[in-house]
Amino acid sequence: MASCLQIADDERGHELELFCVPKHYENDLDRVIIPHGLIMDRTERLARDIIRDMGEHHIVALCVLKGGYKFFADLLDYIKALNQNSDKSVPLTVDFIRLKSYCNDKSTNNVKVIGGDELSNLSGKVSFVCDIVETGRTMQTLLSLLSECNPKMVKVVSLLVKRTPRSSGYRPDYIGFEVPDAFLVGYALDYNEYFRDLSHICIMNDQAKEKYKV
């Protein structure tokens, strides 16, 4: 099982006043649950693990948009730094796919795949997929789609995995944090497209759910 940093269910997080939070979100958040600096440190370690495990291959890095884009960009920056400053380097190419499975704060059973027309290019190649995993069903749908392209190997790296009774039991190969079953925003995680511009991962309050509801 992949190792990760666990955030306990009773973790109270940190007061907003201790961090730089955009003023337009100050009344929408309860607390900071994962500060930006901790995200970056954990992401750097994941990059080291990927280089260690997959460094013998040319890798196709597949970003799941939109929630995974910030994690993906920072992870690639760390991999590039390791390529430049270590004896072991990884040839890397990049592709993108968009999945949509949310309406407001609820994950639906209908997973929409947008893009991915060129996924046939993965045939015979090694790839890792960056995303955020909640129930695991969305990722299982994507992995089923990717398997049709006959890749040599696919690994999944997820910044977050939620402990939720709705989980399918799926676990990624690399995990940054295991988190409580709360709706989290920030660091590109959104609620109806809001909060992507928030650096920290935070818990949104009920007032904000109504404020930004569609």
Side-chain angles (χ1 to χ4, degrees), residues 1-7 33-99 115-116 118-134 136 138-163 169-179 184 186-189 196 199-201:
M1 183 178 293
S3 60
C4 62
L5 199 161
Q6 294 192 352
I7 309 295
I33 196 76
I34 310 178
H36 183 256
L38 184 55
I39 296 170
M40 298 302 287
D41 281 359
R42 186 72 188 116
T43 301
E44 183 177 16
R45 179 53 198 250
L46 290 174
R48 287 176 54 188
D49 292 345
I50 290 169
I51 291 283
R52 178 197 64 205
D53 297 342
M54 305 177 71
E56 302 301 321
H57 305 279
H58 180 137
I59 298 174
V60 179
L62 182 63
C63 176
V64 178
L65 298 171
K66 298 178 183 177
Y69 85 84
K70 190 71 176 71
F71 173 52
F72 181 77
D74 288 334
L75 183 66
L76 288 195
D77 282 345
Y78 282 123
I79 290 176
K80 287 189 292 183
L82 289 169
N83 275 346
Q84 294 168 2
N85 299 296
S86 64
D87 295 333
K88 194 174 187 179
S89 63
V90 178
L92 198 65
T93 53
V94 174
D95 206 346
F96 299 88
I97 191 169
R98 184 178 176 190
L99 303 180
E118 304 301 323
L119 291 182
S120 59
N121 293 335
L122 296 177
S123 178
K125 295 180 181 177
V126 173
S127 69
F128 72 80
V129 183
C130 281
D131 195 18
I132 309 299
V133 173
E134 183 178 334
T138 300
M139 181 53 64
Q140 288 176 311
T141 298
L142 176 57
L143 291 175
S144 177
L145 176 65
L146 294 179
S147 68
E148 298 175 4
C149 303
N150 299 311
K152 184 177 180 180
M153 178 172 63
V154 176
K155 297 288 186 181
V156 176
V157 52
S158 178
L159 177 65
L160 304 179
V161 170
K162 281 189 178 181
R163 290 186 301 275
Y170 172 77
R171 298 283 290 184
D173 302 285
Y174 304 93
I175 301 170
F177 302 89
E178 186 180 275
V179 297
L184 305 178
Y187 195 68
L189 304 178
R196 294 196 194 275
S199 296
H200 315 289
I201 293 177

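Heavy-atom basis, side chains included; hydrogens, waters and symmetry copies ignored. Since this is a predicted model, take the numbers as computed values, not measurements.
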In short, Tyr170 meets Met139 closest at the heavy-atom pair CE2-CG, 3.6 Å

When every non-hydrogen atom of Arg171 is compared with those of Cys4, the smallest separation belongs to NH2-SG, 4.3 Å

>> Between Leu38 and Leu5, is the side chain to side chain contact (heavy atoms under 4.5 Å, CB included) condition met? List the steps.
In response: CA-CA 10 Å; Leu38 184 55; Leu5 199 161; 4.2 Å; yes

How many angstroms lie between [atom1] in [X] and [atom2] in [Y], if you round to the nearest 0.5 Å?
X: Arg48; Y: Arg52; atom1: CZ; atom2: CZ; answer: 9.0 Å
X: Leu159; Y: Tyr187; atom1: CG; atom2: OH; answer: 6.5 Å
X: Leu184; Y: Lys162; atom1: CG; atom2: NZ; answer: 5.0 Å
X: Phe128; Y: Cys63; atom1: CZ; atom2: SG; answer: 9.5 Å
X: Ser127; Y: Lys155; atom1: OG; atom2: NZ; answer: 11.0 Å
X: Ile51; Y: Leu46; atom1: CD1; atom2: CG; answer: 12.0 Å

(Q) Checking Val157 against Asp49 for the side chain to side chain contact (heavy atoms under 4.5 Å, CB included) test, could you report, in this order, the C-alpha distance in whole Å, the side-chain angles of both residues, the deciding distance, and whether it holds? (A) CA-CA 10 Å; Val157 52; Asp49 292 345; over 6 Å; no

**OP:** Any chance you could lay out the side chain to side chain contact (heavy atoms under 4.5 Å, CB included) test for Arg45 and Tyr78, step after step, and finish with the verdict?
**Re:** CA-CA 9 Å; Arg45 179 53 198 250; Tyr78 282 123; over 6 Å; no

With Val90 as partner, the option from Val126, Asn83, Leu82 fulfilling side chain to side chain contact (heavy atoms under 4.5 Å, CB included) is Asn83

The side chain to side chain contact (heavy atoms under 4.5 Å, CB included) partner of Leu160 among Val133, Ile39, Ile34 is Ile34

Would you mind reporting whether [Y] and [X] have side-chain heavy atoms less than 4.5 Å apart?
X: Leu62; Y: Val154; answer: no
X: Ile201; Y: Phe177; answer: no
X: Val94; Y: Leu76; answer: yes
X: Lys152; Y: His58; answer: no

Any donor-acceptor N/O pair, [X] side chain to [Y] backbone, under 3.5 Å:
X: Arg42; Y: Ile175; value: yes
X: His36; Y: His200; value: no
X: Ser144; Y: Thr141; value: no
X: Asp173; Y: Val156; value: yes
X: Arg163; Y: Ile7; value: yes
X: Thr43; Y: Asp74; value: no

* Asked: When you look at Thr138 and Val64, which way does the side chain to side chain contact (heavy atoms under 4.5 Å, CB included) test go after all the steps?
  -> CA-CA 11 Å; Thr138 300; Val64 178; over 6 Å; no

- request: Please report the C-alpha distance between Phe72 and Phe96 in whole Å, then the side-chain angles of each, then the deciding distance to 0.1 Å, and finally whether the ring pair (Phe, Tyr, Trp, His ring centres under 6.0 Å) criterion is met.
  value: CA-CA 10 Å; Phe72 181 77; Phe96 299 88; 5.7 Å; yes

